[in-house]
Amino acid sequence: MKSWALAALAAVRGFLGAARLTPAADRAALVTFAETATVVQGLTSDAALLEAAVGRVTTGLGTRIDRGLGTALDLLSAAGRAGQAQPVV
C-alpha cells in the first residue's frame, strides 16, 4: 500500500482512538470510495470492529468522494435515530 494510504489509515485509527465511542450513544461506520463506494463497516459502537475494518481497507482507481458521501448519508439515514444528535460526516 502506498505511503499516502498508510498515512490516511493512521489518521483514521487516531480519530477512532480519540473518539472513545460510548456504546449507548455513539456509533461510527467506515465507508471507502474510489470508482465506487463501499461500506467496510456499518454503524457500530464496537471499537474492535472498526479497527478490524480499517485493516480491510484496500485502494482502488478513482476518487469519487461524491459516491462515498452519498453512501455515508444513506447509511446514516437508514439508521433512523430521530431526536438524537445530528450525524457528522
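Note that this is a predicted model, so its numbers are computed, not measured. Atom set for the values below is all heavy atoms of this structure, side chains included, hydrogens, waters and symmetry mates excluded. Count residues from 1 along the sequence.
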Visitor: So, taking the atom named CZ in Arg27 and the one named CG in Leu75, what distance separates them when rounded to the nearest 0.5 Å?
Guide: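 Between Arg27 CZ and Leu75 CG, I get 8.5 Å after rounding to 0.5 Å.
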Visitor: For the residue pair Leu16 and Leu30, establish whether any side-chain heavy-atom pair is separated by less than 4.5 Å.
Guide: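 No, side chains not in contact.
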Visitor: Over all heavy atoms of both residues, which pair between Ala29 and Gly42 is shortest? Give the atoms and the distance, please.
Guide: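 Nearest pair, atom of Ala29 first, then Gly42: CB-C, 3.7 Å.
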Visitor: Hey, does Val31 have a side-chain heavy atom less than 4.5 Å from the side chain of Val40?
Guide: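 Not touching, per the 4.5 Å side-chain cut-off.
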Visitor: Side chains of Met1 and Leu9: closer than 4.5 Å at any heavy-atom pair?
Guide: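 They are in contact (side-chain heavy atoms under 4.5 Å apart), so the answer is yes.
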Visitor: Report the C-alpha separation of Arg13 and Val54 in whole Å, then their side-chain angles, then the decisive distance to 0.1 Å, and conclude whether the side chain to side chain contact (heavy atoms under 4.5 Å, CB included) test is met.
Guide: CA-CA 8 Å; Arg13 286 186 174 102; Val54 173; 3.4 Å; yes
Visitor: Between atom CG of Leu50 and atom CZ of Phe15, what is the distance when rounded to the nearest 0.5 Å?
Guide: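 It comes to 10.0 Å.
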Visitor: Specify the closest pair of heavy atoms between Arg56 and Gln41, including all atoms of both residues, with the distance to one decimal.
Guide: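 Scanning both residues, the minimum pair turns out to be NH2-OE1, 3.9 Å.
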Visitor: Would you say Val57 ends up clustered with Val39 if hydrophobic residues are merged whenever their side chains have heavy atoms under 4.5 Å apart, either directly or through other cluster members?
Guide: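 No; Val57 is not reachable from Val39 via cluster members.
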Visitor: Would you say that Thr36 contacts Arg67 through its side chain, given a criterion of any heavy-atom pair below 4.5 Å between the two side chains?
Guide: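 Result yes, sub-4.5 Å side-chain heavy-atom pair found.
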Visitor: Looking only at non-hydrogen atoms, find the nearest pair between Ser45 and Pro23 and report the distance.
Guide: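 Scanning both residues completely, I find the closest heavy atoms to be OG-CA, 3.4 Å.
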Visitor: Counting only heavy atoms from other residues, nucleotides and ligands, does the tally under 6.0 Å from CG of Leu6 exceed 12?
Guide: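 For Leu6, atom CG is crowded (more than 12 foreign heavy atoms under 6.0 Å).
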Visitor: Take Thr32 and Thr59 through the test side chain to side chain contact (heavy atoms under 4.5 Å, CB included) and record every step on the way to the result.
Guide: CA-CA 9 Å; Thr32 60; Thr59 58; over 6 Å; no
Visitor: Is a side-chain N or O of Arg64 found less than 3.5 angstrom from the main chain of Phe33, in a donor-acceptor match?
Guide: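 Side chain of Arg64 to backbone of Phe33: no pair is present.
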Visitor: As an exercise, state the distance from OG1 of Thr44 to CG of Leu21, rounded to the nearest 0.5 Å.
Guide: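 If we round to the nearest 0.5 Å, Thr44:OG1 and Leu21:CG are 8.0 Å apart.
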